[in-house]
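Just so you know, these numbers come straight off a predicted model, no measurement behind them.
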Amino acid sequence: MEIVKQAIKYGVVGAINTAITAGVIWVCMKCFGVNEEISNALGFIAGVVNSFIWNKRWTFQSSHSWAKDGARFLIAFAICYPLQLGVFMYLKTIFTTIDPYYLQLVGMGVYTVANFLLNKFYTFK
C-alpha cells in the first residue's frame, strides 16, 4: 500500500514537474527560438530542482541528508535524462512532420516511469 501512496504523490509532483518542464521548453522554443535540445535541457533543469525538493520532503519523506539524497538524485537523473533525450531524438528522426514539442512530451513520459523506479528503490530508499 505504501508504494501506491508514493506513486500517487509522485504523480502529483510529476504533474507539476511536467507543467514546469513543458512550460520552460515551450517558452524557450516558441518565444525565444531556442533549439530543441537546449530547450529540453533548460526545461529539465527547472523540473529537476522542483522534483528533488518535493519528492524528498513529501513523496518519500526521506530523513537522509540533503547531500546524500541530492547526490543519489543526480545519479538517477544522469541515467534517466539521456534515456528521455534519446527517445526524443529518435522520435524526431522518425516523425519529421510532427512538431518536436509534442515529441518532447513522449520522452518526458519515459523519463517519469524510469525516474520513479530509481527514486523509489535507490535515491530515497
Spacing of CG belonging to Asp99 relative to NZ belonging to Lys92, to within rounding of 0.5 Å:
11.0 Å

Answer yes if Leu74 and Tyr122 sit in the same cluster of Ile, Leu, Val, Met, Phe, Trp and Tyr residues linked by side chain heavy atoms under 4.5 Å apart, and no otherwise.
no

Report yes or no: does Thr21 contribute a side-chain atom to a donor-acceptor pair with the main-chain N or O of Asn17 at less than 3.5 Å?
yes

Less than 6.0 angstrom from the centroid, inside 45 degrees of the normal: does Arg72 satisfy that with respect to the ring of Phe124?
no

Going through the checks in order, is the side chain to side chain contact (heavy atoms under 4.5 Å, CB included) test met by Met89 and Glu37?
CA-CA 9 Å; Met89 300 289 284; Glu37 290 78 12; 3.2 Å; yes

Apply ring pair (Phe, Tyr, Trp, His ring centres under 6.0 Å) to the pair Tyr111 and Phe44, showing each step before the final yes or no.
CA-CA 10 Å; Tyr111 173 92; Phe44 269 83; 4.9 Å; yes

Rounded to the nearest 0.5 Å, how far does CG of Leu85 lie from CE of Met108?
12.5 Å

Exam field: side chain Thr93 to backbone Tyr90, donor-acceptor pair closer than 3.5 Å:
yes

Non-hydrogen atoms of Val24 and Ala46 that approach each other most closely
CG2-CB, 4.0 Å

Would you check if Ser51 and Phe73 make a side-chain contact, meaning some heavy-atom pair closer than 4.5 Å?
yes

Using the six-membered ring wherever Trp is involved, compare the ring planes of Phe60 and Tyr10 and label them parallel, tilted or perpendicular (cut-offs 30° and 60°).
tilted

Might you work through the side chain to side chain donor-acceptor pair (under 3.5 Å) test for Asn55 and Asn119, ending with a clear yes or no?
CA-CA 9 Å; Asn55 282 315; Asn119 282 323; over 6 Å; no

Trace of the side chain to side chain contact (heavy atoms under 4.5 Å, CB included) decision for Leu91 with Tyr102
CA-CA 10 Å; Leu91 292 175; Tyr102 298 112; over 6 Å; no

Heavy-atom pair with the smallest gap, counting every atom of Ala76 and Thr123
CB-OG1, 3.8 Å

Are Ile79 and Val110 connected in a single hydrophobic cluster, I mean Ile/Leu/Val/Met/Phe/Trp/Tyr linked by side-chain heavy atoms less than 4.5 Å apart?
no

Side chains of Met29 and Val34: closer than 4.5 Å at any heavy-atom pair?
no

In terms of hydrophobic clusters joined by side-chain contacts under 4.5 Å, are Ile45 and Phe32 together?
no

Transitive ILVMFWY side-chain link Leu83 to Leu118, under 4.5 Å:
no

Using side-chain heavy atoms (C-beta onward) and a distance below 4.5 Å, is Phe88 in contact with Pro100?
yes

Mind checking the OG-NZ spacing from Ser62 to Lys125? Nearest 0.5 Å is all I need.
11.5 Å

Taking the side chain as every heavy atom from C-beta outward, state whether Gln61 and Lys56 have any pair of such atoms under 4.5 Å apart.
no

Tell me, do Cys28 and Ile38 make a side-chain contact under 4.5 Å, heavy atoms counted?
no

ILVMFWY cluster, Ile75 and Phe121 together (side-chain gap under 4.5 Å):
no

Determine whether the aromatic ring centres of residues Phe52 and Phe77 are separated by less than 6.0 angstrom.
no

For the pair Arg57 and Asp69, find out whether any cationic side-chain nitrogen is under 4.0 Å from an anionic carboxylate oxygen.
no

Step by step, work out the side chain to side chain donor-acceptor pair (under 3.5 Å) result for Gln84 and Asn115.
CA-CA 10 Å; Gln84 130 349 95; Asn115 196 254; over 6 Å; no

Does any part of the side chain of Asn40, heavy atoms only, come nearer than 4.5 Å to the side chain of Tyr81, both counted from C-beta?
yes

Shortest non-hydrogen contact from Ala22 to Leu105?
CB-CD2, 4.1 Å

Side-chain ion pair, Lys120 and Glu2, N-O less than 4.0 Å
no

Looking at Gln6 and Met1, would you say the former's side chain and the latter's main chain have a donor-acceptor pair under 3.5 Å?
no

Should Ile98 and Leu103 be marked as a side chain to side chain contact (heavy atoms under 4.5 Å, CB included) after you check the CA-CA gap, both sets of side-chain angles, and the distance that decides it?
CA-CA 7 Å; Ile98 296 177; Leu103 301 176; 4.0 Å; yes

